[in-house]
Amino acid sequence: MDENEVREQRLQKLQSLREAGVDPYAIERYERTHTCAQITSCFEALENQTVRIAGRMTAHRPKGKVVFADIRDQSGRIQVYVKRDDLGEEAFRRFEDLDIGDILGVEGWVFRTRAGEITIHVTEFVLLAKCIRMLPIGKEKDGVHYSGLHDVETRYRQRYVDMLVNTEVRDVLIKRSLVIQTVREFLMERGYLEVETPVLQVEAGGAAARPFKTHHNALDYDFKLRISLELYLKRLIVGGVERVFEIGRVFRNEGLSTRHNPEFTLLELYEAYSNLEDMMDLVEEMYARVCIAVHGSPCLTVRHRSETGDFQETVVDFSARPWKRLPILEGIERYAGISPDAFKTLESAKRACEQAGIPTEHEHNIGGIIEKLHERFTQPRLIHPTFITDFPVETSPLAKKRPDNPALTRRFEVYVATQELGNAFSEINDPMDQRARFEDQLLQRQAGDEEAHPLDEDFLRALEYAMPPTGGLGVGIDRLVMLMTGQDSIREVIPFPLLRPEKPPG
RNA sequence: GGAUCGUUAGCUCAGUCGGUAGAGCAGCUGACUCUUAAUCAGCGGGUCGUAGGUUCGAGUCCUACACGAUCCA
């Protein structure tokens, strides 16, 4: 019996139900008195009481003139018990005919079976929605799962089935929502204004990434989808909003990996009259708050690759303030053994990088080499929360220069469990400096760097009206959720991750 | 873009040296009035990812392509 035959058979069942005057899609609401989980947790109070629950039938075990079935709702699972002598021949027959996956409303009284399982003894039931496809539901005993749905491609393509069958997927989404809610509350408490800025932009700026292009018909203009939130939020700072944030989807036209989805959720916030150190304080408080919201404690067990390459667990404590701070060049000196002196000229930097075994043919400036060495040598060592500071000027075109060393910037990135989890600057508010940085980016673009920032004349005009000194922060929400839920792939924290279309066009 | 691995029943997976396509679960029929991975008896279910090639013979070997996973760029 293949899948289509099963579907045919269930459609026929549906037809005969309709002929008998029962439309299994006609009912609009069902009044529940409890959730499945409440019945188990409040058993003492509910024993022998009548309750009404609703949910999906995930197992049924007919046993002669009785049937045991499992009903699952969002809260959990409960067993129901149906007896022919109670329901009568006709209703019992209808219950026997139900299929795994059907959605039911059930009324009955609560008792405990001889085997000790809390169960509802059904006095009445109603089919609320018929399932006409086979549900690949697995079985479980003593926490061990048998069968089920594991094929990741099917899981991502048919996420609705994945979630039904693998309930932990839903738990991740719940935690994702909790992370976002906690961030939003945290910022609201501090007087931040939440805004929404344009997704369709003339020039997609604010980050080093290639944009998606789209077309507006009425204006007959090719717009780009945003790659960051930065330049519009700063315009609002110019406009007199002193604390502003946005949690929004951005789009980067790049490859897919366990850490990259072409559309992802970014938090950016800007605070006038604040600097980089204020952003550090904010990050320390905010992450501890998020961790407490998700885990009830600021301590988190993280999984990461050890130096030998296999996985290792470490407990990190977000409340252990202040977090470590490490200038990027000191990190490279410590973990790659390359002296900061090596980065005085492009030639010596390239030489040092090659000696460390990393090719430099695609690197055209010292900053790019520094970041590469950082990613290769320092980043894998950053387990406990750490601020890496003093990023090179060439790769930080929106961050203020250090007054004492214009080759470095007032910028940090946060790392936890070897993952980058935030990027902050004391923002450039000198319009002349900002123009010079954009022009440097244009040179890099002409040299073949397709990810170089575009020059945004209107943004420069805004800066010329004067932007107060401002601290800004960006956080990849998906990666923060990955950290908080212990997921190794970004696709596990996105309900519908991007996949290649199932069938090629044509 | 490159490397490696994978794609067999609805699901999870076996398939030896190239020689008739297998199991468990799910499904169907029957038995069973406290089962719980229910049990027992029986039955059905396959374009072996796609297209070529080698061969008397291909799930198995070769080539290309598709989709996915992991790592690298």
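As a basis for the values below, the full set of heavy atoms in this structure was taken, side chains included, without hydrogen atoms, waters or symmetry mates.
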Test: A/E117 and A/R77 ion pair at under 4.0 Å: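 The answer is yes: the pair qualifies as a salt bridge.
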Donor-acceptor contact below 3.5 Å, side chain A/S348 vs main chain A/T345: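 Checking the backbone N and O of A/T345 against the side chain of A/S348, a donor-acceptor pair under 3.5 Å is found.
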Under 3.5 Å: donor-acceptor pair, side chain of A/R376, backbone of A/I358: no
How would you label the contact of [X] with the nucleic acid (heavy atoms, under 4.0 Å): base, sugar-phosphate, or nothing?
X      : answer
A/F111 : base
A/K65  : base
A/P62  : base
A/T258 : sugar-phosphate
A/R157 : sugar-phosphate

Check: B/U35 base within 3.5 Å donor-acceptor of A/Q79 side chain: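 Checked by distance alone, the answer is yes.
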Nearest whole angstrom, please: distance from the [atom2] of [N] to the [atom1] of [X].
X      : N     : atom1 : atom2 : answer
A/R500 : B/U50 : CZ    : P     : 19 Å
A/D151 : B/C67 : CG    : P     : 15 Å
A/H150 : B/G68 : NE2   : C1'   : 17 Å

Side-chain N or O of [X] less than 4.0 angstrom from OP1 or OP2 on [N]?
X      : N     : value
A/R491 : B/A69 : yes
A/K141 : B/A37 : yes
A/R61  : B/U33 : no

Residue pairs involving residues 411-422 of chain A (criterion salt bridge (charged side-chain N to carboxylate O under 4.0 Å, His left out); sequence neighbours excluded):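 Output for this query lists A/E371-A/R411, A/R411-A/E413.
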Paired and unpaired positions of RNA chain B as dot-bracket, Watson-Crick or G-U wobble under 3.5 Å, | denoting a partner strand: (((((((..((((.....[..)))).(((((.......))))).....(((((..]....)))))))))))).
Donor on one side chain, acceptor on other, A/D162 and A/Q158, under 3.5 Å: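 Per modelled atom types, A/D162 and A/Q158 side chains form no pair under 3.5 Å.
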Pair A/E354-A/T360, side-chain donor/acceptor within less than 3.5 Å: yes
